[in-house]
Amino acid sequence: MDWTSELISSGLWIAKTYAITLVCFALTVWLLAKRTVWGRQFWQLSGAYFSPKRSIRPMLAVAFILFLTLAGVRLQVLFSNWYNTMYSALQDLNEAGFWLAMWLFAALATVHVLRSLLDFYVQQAFTIHWRTWLNEQMLERWLGGESYYRTQHLKKGIDNPDQRIQYDVTVFVESSLTLSMGVVDALVSTVAFTLILWGLSGPLALFGTEIPRGMVFLVFVYVLVATIFAIRIGRPLILLNFLNERFNADYRYALVRLREYAESIAFYAGEKVETALLKHRFAQVISNAWAIVYRSLKFLGFNFSVTQAAVVFPFIIQAQRFFSKQISLGDLMQTAQAFGRLQDNLSFFRNAYDNFASYRATLDRLTGFTQAIDEAAKLPKPEVQSTGQALKLNNLTVRTPTGKLLLENLNTQVHAGQAMLIRGPSGSGKTTLLRAIAGLWPYCDGAITRPQGQMLFLAQKPYLPLGSLRDALHYPNAVSRSDDAGITDTETLEAAAVASAGHAPQNLDKLVDNTSRQSTQAASTTADQRARQVLDAVQLGHLADRLDEDADWSRILSLGEQQRLAFGRLLLAQPAAAFLDEATSAMDEGLEDAMYRLVAQHLPDTLLISVGHRSTLVRHHPVQLNLKGDGGWEISTH
């Protein structure tokens with residue numbers, strides 16, 4: 001074989017095949033996006049990422065990955081020709097030809113290794129950029145428009161949104177690239193090795209009839225029939241993979257809640273109930289896992305049988321021609337290699353069916369997630385305006401999701417510096433009224449006008465974000481920092497660099513614990529003094545030296561301390577309006593009185609709305625709104 005001309009023809013082959021494949025790939029993607037359900041799902045999730053209007057880089061990256069894939073196919077063809085050259089040299093006892101084949105192998109192997117490394121890097125970089133973009137899109141949609149909250153009002157909520165954002169996005173991106181390039185590789189390789197096998201194949205006698213190039217037709221029929229049976233056997237894996245993700249996520253969520261509510265469970269001695277719940281959810285995981293095992297046994301058993309049976313076919317069919325010296329040993333070995341490669345390529349869809357099944361399940365989970373967000377956006381919203389310095393409620397009617405009337409045609413207004421207490425029996429809609437004022441409750445009518453400026457809502461159990469005590473005190477406002485400390489954890493990044501170099505530390509738990517506790521530094525002197533003064537004011541001065549300590553503060557602080565910390569937020573934020581929902585329920589009456597006096601002293605112009613049952617709150621609220629629970633209401637003053 002003239003390897004010089006072979007290299008030239010390889011360059012021409014890559015150029016020609018690349019142009020054809022690029023056009024066919026683009027047309028196929030367009031047709032799938034238009035004609036198939038899962039194609040539309042894919043385009044719905046990532047169409048914007050590949051839009052040239054946003055950036056041309058993703059399209060260029062795909063084009064380059066496609067080029068590297070085709071180069072890999074051509075290298076496989078050259079390796080096939082090399083097998084012929086090497087075995088023919090052995091048969092002819094051609095020592096010079098044998099050593100020339102070894103040098104050719106060294107050259108081909110070097111190119112193959114370099115191409116593989118470049119292909120790995122480009123694909124990994126591409127998936128990282130794609131995953132970053134898609135993660136940002138999902139987070140923006142999930143957090144924007146309060147979808148994370150409003151989806152709970154849907155008739156059919158969304159399960160495990162955390163997993164869909166974190167895990168399913170990763171699987172979707174990686175599988176999309178792997179499967180698409182796998183299809184391209186399989187199809188192009190099928191054409192290339194069909195041509196090789198066509199040239200090597202002789203006539204095949206079958207039932208007294210001689211079929212020219214029969215081996216080529218045999219492999220196509222063999223794989224086609226096997227693929228049809230494999231799809232029928234493997235179809236249930238789509239649902240089983242979907243359920244596998246769901247059951248595992250449900251079990252993991254139950255474990256997280258066990259940790260989150262550990263103290264409450266311990267007080268109730270609820271270990272038996274929690275154990276039963278966890279065992280039940282784990283039983284679902286295991287039951288589904290066994291179903292996957294049994295179905296996979298059938299699927300893989302069929303695939304293994306088909307693959308092993310195909311190993312000896314080319315030798316059996318070509319043996320007579322070899323022993324009659326119609327073909328050389330090199331031709332025989334290249335036939336076997338080409339037949340095996342062609343069989344593998346044609347079997348790609350059969351062997352990868354479980355991967356396609358898992359991919360389809362991931363698509364369904366992600367599109368179900370985005371559909372839930374869209375449905376949440378369509379839920380009605382109260383008419384809320386921010387203007388002036390007063391809270392005005394005009395003909396406000398509030399209902400439950402089932403349509404039960406809670407409040408009918410409420411008309412009232414509260415001006416800056418005034419305070420109103422909302423009272424009423426349990427279930428009368430006190431907290432729901434606050435949700436409506438916040439613009440969160442979809443089942444209400446009427447007009448709501450809020451003061452301009454920041455609104456601050458203090459719940460009965462305050463939310464403490466991950467991070468330092470300083471972060472929790474300033475929430476939801478960002479902490480002012482002097483040197484961007486905490487935004488980048490230098491020690492953690494250095495540890496990652498060390499691990500990348502192959503020197504992973506022995507105690508990883510200790511490393512993570514140590515680095516996580518040093519993610520923030522002291523802010524400016526003035527802000528730090530202000531934070532300390534606020535902690536003293538709300539009687540949490542003993543925590544002043546721990547302002548920059550990262551910890552799970554929702555577990556460290558008692559509920560009463562958390563509520564006092566929330567009042568500290570109020571003093572720091574100085575909002576135009578504050579809404580307190582049972583915000584002092586865990587305090588004694590003395591602390592409650594002290595907190596409200598702090599608000600009156602330091603925030604004299606803040607509009608204050610409180611929800612509570614205690615009669616001691618009346619002295620701090622000249623106006624009371626009493627809800628009847630059947631739609632009725634009454635305003636009184638003292």
Side-chain angles (χ1 to χ4, degrees), residues 40-41 44-45 47-48 134-166 168-169 246 249-250 253 363-387 391-412 422 424 426-451 454-461 463 476 577 579 581 609 611 627 629-631 633:
R40 287 191 291 270
Q41 289 176 326
Q44 175 188 345
L45 292 170
L134 188 55
N135 180 75
E136 291 176 354
Q137 295 296 309
M138 290 292 182
L139 285 179
E140 287 178 4
R141 295 198 63 191
W142 184 232
L143 296 175
E146 297 155 348
S147 297
Y148 63 93
Y149 174 82
R150 292 171 64 83
T151 49
Q152 66 183 338
H153 295 303
L154 297 175
K155 292 182 179 179
K156 185 179 180 181
I158 191 74
D159 65 277
N160 305 301
D162 51 324
Q163 183 192 17
R164 302 194 188 212
I165 294 175
Q166 185 270 326
D168 289 337
V169 163
R246 178 177 178 178
D250 288 344
Y253 179 66
L363 272 178
D364 288 341
R365 288 179 59 79
L366 286 177
T367 52
F369 178 66
T370 58
Q371 287 170 4
I373 293 176
D374 293 336
E375 291 174 9
K378 295 177 182 178
L379 289 173
K381 290 185 178 181
E383 182 184 341
V384 180
Q385 295 181 346
S386 296
T387 182
L391 172 68
K392 300 178 182 179
L393 306 178
N394 297 321
N395 296 319
L396 181 63
T397 298
V398 181
R399 301 178 180 84
T400 66
T402 60
K404 178 185 176 182
L405 190 64
L406 293 176
L407 194 61
E408 185 176 16
N409 295 329
L410 173 62
N411 291 281
T412 187
I422 302 175
S426 297
S428 59
K430 301 183 295 298
T431 299
T432 305
L433 176 57
L434 292 190
R435 292 173 182 150
I437 295 173
L440 300 177
W441 192 251
Y443 309 105
C444 59
D445 303 304
I448 302 171
T449 302
R450 304 185 310 199
Q454 184 181 13
M455 307 286 117
L456 203 62
F457 290 80
L458 273 60
Q460 184 175 7
K461 180 173 175 52
Y463 171 68
F579 302 86
D581 183 12
I609 305 291
V611 170
L627 306 185
D630 56 357
W633 52 275

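Residue numbers run from 1 in the order of the sequence given.
- Side-chain contact check for Asp162 versus Tyr253: every heavy-atom pair is 4.5 Å or farther apart.
- Proximity of a side-chain donor or acceptor of Glu140 to a complementary backbone N or O of Gln137 within less than 3.5 Å is not detected.
- Nearest heavy-atom pair across Gly144 and Ser147 is O-OG, 3.2 Å.
- Not a single donor-acceptor pair under 3.5 Å links the side chain of Trp441 to the backbone N or O of Thr400.
- With a 4.5 Å cut-off on side-chain heavy atoms, Trp633 and Leu396 do not count as touching.
- Between Arg435 and Thr431, some side-chain heavy-atom pair lies under the 4.5 Å cut-off.
- Lys430 has no carboxylate O lying under 4.0 Å from a charged side-chain N of Asp581, or vice versa, which leaves the two without a salt bridge.
- Once rounded to the nearest 0.5 Å, the distance linking CD of Gln371 with CG of Asp364 reads 9.0 Å.
- With Thr151 contributing its side chain and Ala372 its backbone, the two residues share no donor-acceptor pair below 3.5 Å.
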**OP:** Begin from the C-alpha positions of Thr412 and Leu391 and carry the test side-chain contact (heavy atoms from CB on, under 4.5 Å) through to its verdict.
**Re:** CA-CA 8 Å; Thr412 187; Leu391 172 68; over 6 Å; no

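- Annotation: side chain of Pro161 is in contact with side chain of Phe369 (closest heavy-atom distance under 4.5 Å).
- Residue Arg40 qualifies as enclosed at atom CZ: its count of foreign heavy atoms under 6.0 Å is above 12.
- The shortest distance between side-chain heavy atoms of Leu405 and Asp630 does not fall below 4.5 Å.
- Going from atom CG of Asn409 over to atom CG of Leu393 covers 12.0 Å, rounded to the nearest 0.5 Å.
- Taking CZ of Arg150 as the reference point, atom CG of Leu440 lies at 8.5 Å (rounded to 0.5 Å).
- Paired with Leu627 under the rule side-chain contact (heavy atoms from CB on, under 4.5 Å), one option of Ile422, Leu410, Leu406 passes, and it is Ile422.
- Put simply, the side chain of Trp142 does not reach to within 4.5 Å of the side chain of Arg164, judged on heavy atoms.
- Inter-residue side-chain proximity for Pro476 and Gln454 is flagged as met; some heavy-atom pair is nearer than 4.5 Å.
- Side-chain contact check for Thr367 and Gln44: no donor-acceptor pair (N or O, by modelled atom type) lies under 3.5 Å.
- The side-chain heavy atoms of Lys392 and Gln385, taken from C-beta on, include no pair separated by under 4.5 Å.
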